[in-house]
Number of protein chains: 2
Amino acid sequence: MNEIAATGISVLLVDDHPIVRQGYRRVLESQGDLHVVAEADNAADAYSAFKARDPDVVVLDISMPGASGLEAIRNIRARSPRARILVFTMHNEAVLVKAAFSAGASGFVTKSSEPSAVVAAIRSVARGERAMSDDIAHILAEDSLSAGSALDQLGEREIEILRQFAGGATTEQIAAHLNLSVKTVQNYHYLIKTKTGARTDAQLVRLAATCGLTRI
Amino acid sequence: MNEIAATGISVLLVDDHPIVRQGYRRVLESQGDLHVVAEADNAADAYSAFKARDPDVVVLDISMPGASGLEAIRNIRARSPRARILVFTMHNEAVLVKAAFSAGASGFVTKSSEPSAVVAAIRSVARGERAMSDDIAHILAEDSLSAGSALDQLGEREIEILRQFAGGATTEQIAAHLNLSVKTVQNYHYLIKTKTGARTDAQLVRLAATCGLTRI
DNA sequence: GGCAGCTCGGGCAAATTTCCCAAGCCGGAT
DNA sequence: ATCCGGCTTGGGAAATTTGCCCGAGCTGCC
C-alpha cells in the first residue's frame, strides 16, 4: 500500500516542452513533499512511464502534438483505474474540461493559476479528491447555467449542418446538398449558435473541432 | 558600459502564466550567470518593468492575452533601441518568426527547445548576436524555399486580426482590443478573406489553424 | 520627388443574421 | 385517443454585416 504521508507524493510530468517540464519539476520539488519521478513528452511515453514508475499523480498538458492528451488519459485510466491524473493546461473551455473529466481526469488546473494553487491541486488529487482551479470552477458554473454549450443537445440535422459548415461549406452548398432552402439552413445556423452559446462563426468551428466533429 | 562578464546577465521574464514564469526563473537562475530581475504578465507591465530595471535581455512569450507580444516588442524597441529581446514561445510559424524579427526581436526560441539551447540563446542575445533555435532555423529555411503560404501575403495587422478572429473574438472585441473602429476591423476581415481566397469564415478559421496561427 | 504598400476609416447597396412565428410530423406520456 | 413536446421546414422584418469603392496619412524605397 502507499505510504504517501511518509514518502511524499511521486509525480509523473507530461508536457511536450522540455524547458516547461524542467521548470515545473523545480517548482514542484521545491515543495519538499513532491517528487518528480519521471517525465514524458507524448501520450505513448506517458503510459510506459506510468507503468514503470507507478506515480501517485500524473500531471499532464492535454495540448500535445499528435495524439490527444484526452487519449492519454483514457489510455492510462483504462489500464490503471487507480491512476490520479491532473490536467494542467492553458486551455479553459468548458467542453474541454468536461471531456477531460469524463475521460477520467481527477483534476483540471489552468496555467494561469498561481503555483500554490497547482501544488495544492496535486496534493488534493493524491488524496483521491477532485480538484480544479478557481477559473475552471467558474467556467463550469457558467456553463452549467447557460443551458449547455456542448453539442449533445443538437438534433441530427443540426449536427449535419454544423459539420458541413465547420468543414468550410457555404450556406448555398449546404442547402443544395441537403435539399433545403437557403433560409432553412440560415435558421439552423442561427439555432446552432444559440444552442451552443457560440457568439461567432469562428467559435462554432472551434467547437466542432474540439468535439471531434471536424478535423483540421 | 555593461560589464556582463563580471556581473552576469539580467533578465526580464514576460509570460502570462505565473507558474511558467516561476519555472523559467528557477531554470535560468540555476545557471549562475543569469539573474531574473523582474517579471511581467502583459505587454504594458513589460515596458514599465523594462524601464525600471533596464535588463540585459527580455525573454517574452508573444502569445499573451490582450495586446499582442509583437506590439510589446515594438514598444520596447521604439523607446530603447539597445534592448535585446528574445522571443520564447510555443508557436513556430514562419510568418510569426519573421514578424517578430522585423518588430525588433533579437532572437526566437521555441518552447520545444532544450533548456540548454534556451540559455545559450539568452547569452547570444546578451552579446548582441542574433539567435534562434534549430527548429526555427529549419522552418525559416523551408519557408524561404517554398512559394509561400497563404498567410505570407498578409500584413502584420491582418495577421493579428486573423489570429484574434480565428481564436473566437468578436469584431467588437478585436476593435476594442486593438483600438480600432469596428468598421476598420470589418474591412480587414473582408481584405483577409479576399487575399487568402477564403469564401467563408469557417474556411478562414481552418486556414489559420492549419498555418499554426491558432490552435484548436 | 514619386511610387508602392500598409493602415485606418467613410459610404452604400446587397446580403446575411437575428429573432419571432406557423405548420407538419412523430414519439411518448396521460 | 389526445395532448405535449421536440424536430424539421420555412416565411417575415428589422438590425447588422458584407462586399466593394473610395480617400488620406504614413513609411520605405528607387
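Only this structure's heavy atoms are used, side chains among them; waters, hydrogens and symmetry mates stay out. Below, read A as the first sequence line, B as the second, and so on, with proteins coming before strands; counting in each chain starts at 1. For clarity, every value in this text was computed on a predicted model and none was experimentally measured.
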- Item | Gap separating the CD atom of A/Glu129 from the CZ atom of A/Arg84, nearest 0.5 angstrom | 10.0 Å

- Message: I'd like to know if the side chain of B/Gln22 pairs up with that of A/Arg26 as donor and acceptor (distance under 3.5 Å, no hydrogens or angles considered).
- Response: no

- Message: Taking any heavy-atom pair under 4.0 Å as a contact, classify B/Glu172: base, sugar-phosphate, or nothing.
- Response: sugar-phosphate

- Item | Angle of first-five versus last-five pair axes in the helix from C/dG1-D/dC30 to C/dT30-D/dA1, to 10 degrees | 30°

- Task: Please confirm whether A/Arg130 makes a cation-pi placement over A/Phe108, using NZ or CZ under 6.0 Å from the six-membered ring centre and within 45° of the ring normal.
- Result: no

Between protein and nucleic acid, restricted to nucleotides 6-9 of chain C and to nitrogen or oxygen atoms under 3.5 Å apart, what atom pairs and distances do you find?
{"from": "C/dT7", "atom 1": "OP1", "to": "B/Arg157", "atom 2": "N", "distance (Å)": "2.9"}
{"from": "C/dT7", "atom 1": "O5'", "to": "B/Tyr188", "atom 2": "OH", "distance (Å)": "3.4"}
{"from": "C/dC8", "atom 1": "OP1", "to": "B/Arg157", "atom 2": "NH1", "distance (Å)": "2.7"}
{"from": "C/dC8", "atom 1": "OP2", "to": "B/Arg157", "atom 2": "NH1", "distance (Å)": "2.9"}
{"from": "C/dG9", "atom 1": "OP2", "to": "B/Ser181", "atom 2": "N", "distance (Å)": "3.1"}
{"from": "C/dG9", "atom 1": "OP2", "to": "B/Ser181", "atom 2": "OG", "distance (Å)": "3.4"}
{"from": "C/dG9", "atom 1": "OP2", "to": "B/Thr184", "atom 2": "OG1", "distance (Å)": "2.4"}
{"from": "C/dG9", "atom 1": "N7", "to": "B/Asn187", "atom 2": "ND2", "distance (Å)": "3.2"}

- Without swapping roles, check the side chain of A/Ser80 against the backbone of A/Ala83 for a donor-acceptor pair under 3.5 Å. no

- Please name the pair of heavy atoms, one in B/Asn42 and one in B/Asp45, separated by the smallest distance, quoted to 0.1 Å. OD1-N, 2.7 Å

- Pick one: which of B/Val205, B/Leu162, B/Leu154 meets side chain to side chain contact (heavy atoms under 4.5 Å, CB included) with B/Leu213? B/Leu162

- Query: So does B/Lys111 pair up with A/Asp16, basic N to acidic O under 4.0 Å?
  - Reply: no

- Message: Measure CD/B/Gln186 against C1'/C/dT16 and give the value in whole Å, please.
- Response: 13 Å

- Task: Taking atom types as modelled, find out whether B/Asp201 and B/His189 have a side-chain donor-acceptor pair closer than 3.5 angstrom.
- Result: yes

- Under 4.5 Å between any side-chain heavy atoms of B/Val11 and B/Leu28, yes or no? yes

- If you walk 5' to 3' along DNA chain D, what is the first nucleotide with an atom under 4.0 Å of a heavy atom in chain B, and what is the last? D/dT17 to D/dC20

- Task: Give the rounded distance in Å between these two atoms: NE2 of A/His189 and C1' of C/dA15.
- Result: 14 Å

- Query: Going by an N to O cut-off under 4.0 Å, is there a salt bridge joining B/Glu160 and B/Arg157?
  - Reply: no

